[in-house]
Enquirer: 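Let me begin by handing over the structure; questions about it come next.
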Amino acid sequence: MQVSAEDIDIMGEEAIRDPAGYFAPWRESEPVVWAPRCRSWLILNHAHISVALRDPRFSSDRISPFIRRKLSGEGVDPLVRQSFDVLAGWLVFKDGADHARLRGLLSKAFTAKAVASMRERVERLTAELIAAAPQDGVFDLVEQIAVPLPSIVIAEMLGVPTIDRDRFRHWSEMVAPVVSAGLDDPGRYESAAIGMDALVKYFLGLIERYEREPADNLISSLIRARDEDDSLSHAELIATCTLILFGGHETTANLIANSVLALLNHPREMAALRSGAVEPQKAVEEFLRFDGPGKAVVRVVSEDMEFAGKEMKAGQRVFLVLASANHDRQVFTDPDVLRLDREMGRHMAFGWGGHFCMGAPLARLEAAIALPAIVKAFPHLVLDSKPLAWQQVFLTRGLIELPVRAAA
Ligand code: HEM
């Protein structure tokens with residue numbers, strides 16, 4: 001049923017549980033719509049999202065206007081201000097030349113070779129995590145496999161010593177709500193600021209260490225890229241480390257858990273993946289499309305303009321709802337059906353255009369190794385309980401837990 005535009009509630013129970021279904025009527029009838037309850041434009045169909053993601057009038061910089069508006073006066077907690085200054089250095093929030101410069105530098109460190117070199121490690125880790133889970137009984141797949149795999153992989157790629165991993169994860173979890181929930185919830189700032197401060201101090205120490213003794217890791221490569229091309233400041237180096245940490249953590253964990261859930265709900269597709277009848281790489285593209293972890297990306301209108309027949313004003317916020325575009329029947333046949341051998345049109349799970357996800361090859365590698373391994377290791381896996389609880393955030397889509405029952 002199509003609710004009125006006034007009633008669109010992006011954080012409502014239905015939108016959180018089934019975003020593609022919730023937005024379907026609007027995607028078909030009025031895919032660019034102003035939603036007063038979240039004071040934002042929503043862009044819901046594939047065609048308009050792919051144009052908007054390449055249109056420079058939709059700015060990615062929503063942090064510096066926020067700092068100017070809310071964090072520049074007297075009485076602002078310096079720790080909160082510092083944490084937003086770090087976020088302002090993330091290339092995902094930059095436009096134009098600054099974005100291109102930082103993206104170029106990161107691509108020198110985060111290479112296809114660096115990702116490919118992780119293959120064996122990902123295979124070994126997956127096997128270890130699977131072996132540590134109960135082989136006959138109930139466990140939370142999020143906690144036991146989906147979260148630890150990408151967080152250990154990214155920590156190792158960055159050069160974080162094993163012994164520090166838990167502290168590192170704790171701080172990044174403190175910052176995560178601000179990053180994935182948007183900027184509307186001041187209650188989250190203080191704890192995020194404490195987490196970010198700890199992370200920054202920790203990275204400062206690691207950077208100093210790898211400046212003295214370079215090693216084979218991403219931080220050392222970023223230091224080398226900075227020294228070869230002195231346009232990367234120290235603050236940007238730290239910001240980039242924190243961005244990779246976030247990029248590498250939660251999204252891939254959510255991809256693994258969302259995909260296992262999709263398989264539990266589609267036993268035929270589960271059997272096809274288990275038997276090797278579908279290529280894991282192909283299946284991963286369908287998981288990304290069907291229920292990918294990146295639900296929406298945000299832009300800010302940089303000048304008064306017309307887009308898709310609508311008058312947009314400078315400063316207005318725009319949610320480009322990737323989860324909706326990925327179920328657009330103009331592009332995908334039977335979009336609500338999970339079909340692991342689908343001949344894929346271009347899905348939007350990693351975004352599109354200049355900000356296309358830089359971690360896509362790593363996420364694809366991890367999911368293509370972990371998902372077949374999980375379904376093969378647990379031949380009688382079933383969902384243990386319903387209803388499932390989804391994280392109450394709009395930008396990403398992930399389960400709080402995925403209780404499954406394995407049977408010997
Ligand atoms: C399934 C897992 C992942 C998904 C669904 C995902 C999704 C996305 C999306 C939608 C964007 C575009 C944001 C925008 O346009 O505003 C993005 C950007 C980015 N992602 Fe990912 N991501 C994933 C994994 C990763 C991983 C593993 C890393 C790194 C280790 C990473 C690093 C980045 C970076 C650095 C950017 C910024 C690119 C830019 O602004 O030019 N991501 N990601």
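As the structure lists them, so they are numbered: ligands from 1, and atoms in each ligand from 1.
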Enquirer: Do Arg169 and Ser151 pair up side chain to side chain, a donor and an acceptor below 3.5 Å, judged on atom types alone?
Expert: no

Enquirer: Cut-off 3.5 Å, side chains only: do Thr251 and Asn254 have a donor facing an acceptor?
Expert: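 Per modelled atom types, Thr251 and Asn254 side chains form no pair under 3.5 Å.
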
Enquirer: Is there a nitrogen or oxygen of His99 sitting under 3.5 Å from a nitrogen or oxygen of ligand 1?
Expert: yes

Enquirer: Quick one: CZ on Arg57 to CE on Met312, what's the gap to the nearest 0.5 Å?
Expert: 9.0 Å

Enquirer: Considering only non-hydrogen protein atoms, determine which one is nearest to atom 35 (C) of ligand 1 and report residue, atom name and distance to 0.1 Å.
Expert: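 Protein heavy atom at minimum distance: Leu243 CD2, 3.8 Å.
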
Enquirer: Over 60° means perpendicular and under 30° means parallel, so classify the ring planes of Trp171 and Tyr202, tilted if in between.
Expert: tilted

Enquirer: Out of Gly351, Gly359, Ala100, whose heavy atom is nearest to atom 10 (C) of ligand 1?
Expert: Gly351

Enquirer: Is the closest heavy atom of Gly292 to ligand 1 under 4.0 Å?
Expert: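 For ligand 1, residue contact (heavy atoms, under 4.0 Å) with Gly292 is absent.
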
Enquirer: So, does Leu322 sit close enough to ligand 1 that a heavy atom of it is under 4.0 Å from the ligand?
Expert: yes

Enquirer: Have a look at Gly294, Gly354, Ala349, Ala363 and point out the one with the heavy atom closest to atom 7 (C) of ligand 1.
Expert: Ala349

Enquirer: Would you check whether Phe110 reaches within less than 4.0 Å of ligand 1, judged by its heavy atoms?
Expert: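 Yes, that is the case, since the closest heavy atom of the residue is under 4.0 Å from the ligand.
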
Enquirer: Relative to ligand 1, is Lys94 under 4.0 angstrom through side chain, backbone, both or neither, heavy atoms considered?
Expert: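 Neither part.
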
Enquirer: Aromatic contact between Phe203 and Phe168, with the criterion being ring centroids under 6.0 Å apart: yes or no?
Expert: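 For Phe203 and Phe168, the ring centres are under 6.0 Å apart.
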
Enquirer: I'd like to know if Ser60 contacts ligand 1, where contact means a heavy-atom distance under 4.0 Å to any ligand atom.
Expert: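 Not so, Ser60 does not reach ligand 1.
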
Enquirer: When you measure from the heavy atoms of Arg364 to every atom of ligand 1, does any distance fall below 4.0 Å?
Expert: no

Enquirer: Quick one: pull up CG in Leu149 and OG1 in Thr252 and give me the separation to the nearest 0.5 Å.
Expert: 8.5 Å

Enquirer: Given Ile244, Leu320, Leu395, Val92, identify the one with the heavy atom nearest to atom 37 (C) of ligand 1.
Expert: Val92

Enquirer: Taking NZ, NE, NH1 and NH2 as the nitrogens, is one of them in Glu236 or Lys94 under 4.0 Å from a carboxylate oxygen of the other?
Expert: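 Salt bridge: no.
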
Enquirer: At less than 4.0 angstrom from any non-hydrogen atom of Leu91, what atoms of ligand 1 do you find?
Expert: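 Once the distances to Leu91 are compared, the set is 38 (C), 39 (C), 40 (O), 41 (O).
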
Enquirer: List the closest protein heavy-atom neighbour of atom 12 (C) of ligand 1: residue, atom name, distance to the nearest 0.1 Å.
Expert: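 It is His355 O, 3.4 Å.
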
Enquirer: Could you tell me if the side chain of Phe139 sits less than 4.5 Å from the side chain of Arg405, heavy atoms only?
Expert: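 Arg405 does not reach Phe139 side chain to side chain.
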
Enquirer: Could you tell me, atom by atom, which parts of ligand 1 come under 4.0 Å of a heavy atom of Leu255?
Expert: 1 (C)

Enquirer: Look at atom 11 (C) of ligand 1 and say which protein heavy atom is nearest, naming residue and atom and giving the distance to 0.1 Å.
Expert: Phe350 O, 3.9 Å

Enquirer: For the side-chain contact (heavy atoms from CB on, under 4.5 Å) test, which of Ile10, Ile16, Asp9 pairs with Tyr22?
Expert: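 Testing each of Ile10, Ile16, Asp9 against Tyr22, the sole residue satisfying side-chain contact (heavy atoms from CB on, under 4.5 Å) is Asp9.
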
Enquirer: So is Ala360 close enough to ligand 1, meaning a heavy atom under 4.0 angstrom away?
Expert: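 In this structure, Ala360 fails to qualify as a contact of ligand 1 - no heavy atom is under 4.0 Å.
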
Enquirer: Using modelled atom types and a 3.5 Å cut-off, is there a donor and acceptor pairing between side-chain atoms of Arg289 and backbone atoms of Asn326?
Expert: yes

Enquirer: When you check the side-chain N and O atoms of Ser60 and His355, is any donor under 3.5 Å from an acceptor?
Expert: yes

Enquirer: Please tell me whether Trp90 and Phe246 form a close aromatic pair, meaning their ring centres lie under 6.0 Å apart.
Expert: yes

Enquirer: Can you check whether Arg103 has an N/O within less than 3.5 Å of an N/O in ligand 1?
Expert: yes

Enquirer: For atom 16 (O) of ligand 1, which protein heavy atom lies nearest, and how many Å away is it?
Expert: Arg299 NH1, 2.8 Å

Enquirer: Using a heavy-atom cut-off of under 4.0 Å, does the side chain or the backbone of Ile154 touch ligand 1, or both, or neither?
Expert: side chain

Enquirer: Will you find, in the side chains of Gln330 and His46, an N or O donor that is under 3.5 Å from an N or O acceptor?
Expert: no

Enquirer: So which of Cys357, Ser259, Ala367 gets nearest to atom 8 (C) of ligand 1, if we judge by its closest heavy atom?
Expert: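 Checking each option, the heavy atom nearest atom 8 (C) of ligand 1 is found in Cys357.
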
Enquirer: Heavy-atom distance to atom 3 (C) of ligand 1: which of Thr396, Asn258, Thr251, Thr252 wins?
Expert: Thr251

Enquirer: Just jot down the ligand 1 atoms closer than 4.0 angstrom to any heavy atom of Pro293, in number order.
Expert: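 Counting from 1, the qualifying ligand atoms are 1 (C), 5 (C).
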
Enquirer: Suppose we measure from atom 26 (C) of ligand 1 to each protein heavy atom; which comes out shortest, and what is that distance?
Expert: Gly247 O, 3.1 Å

Enquirer: For atom 36 (C) of ligand 1, which protein heavy atom lies nearest, and how many Å away is it?
Expert: Met358 N, 4.0 Å

Enquirer: May I ask you to decide if the ring planes of Phe23 and Phe394 are parallel, tilted or perpendicular, using 30° and 60° as cut-offs?
Expert: perpendicular

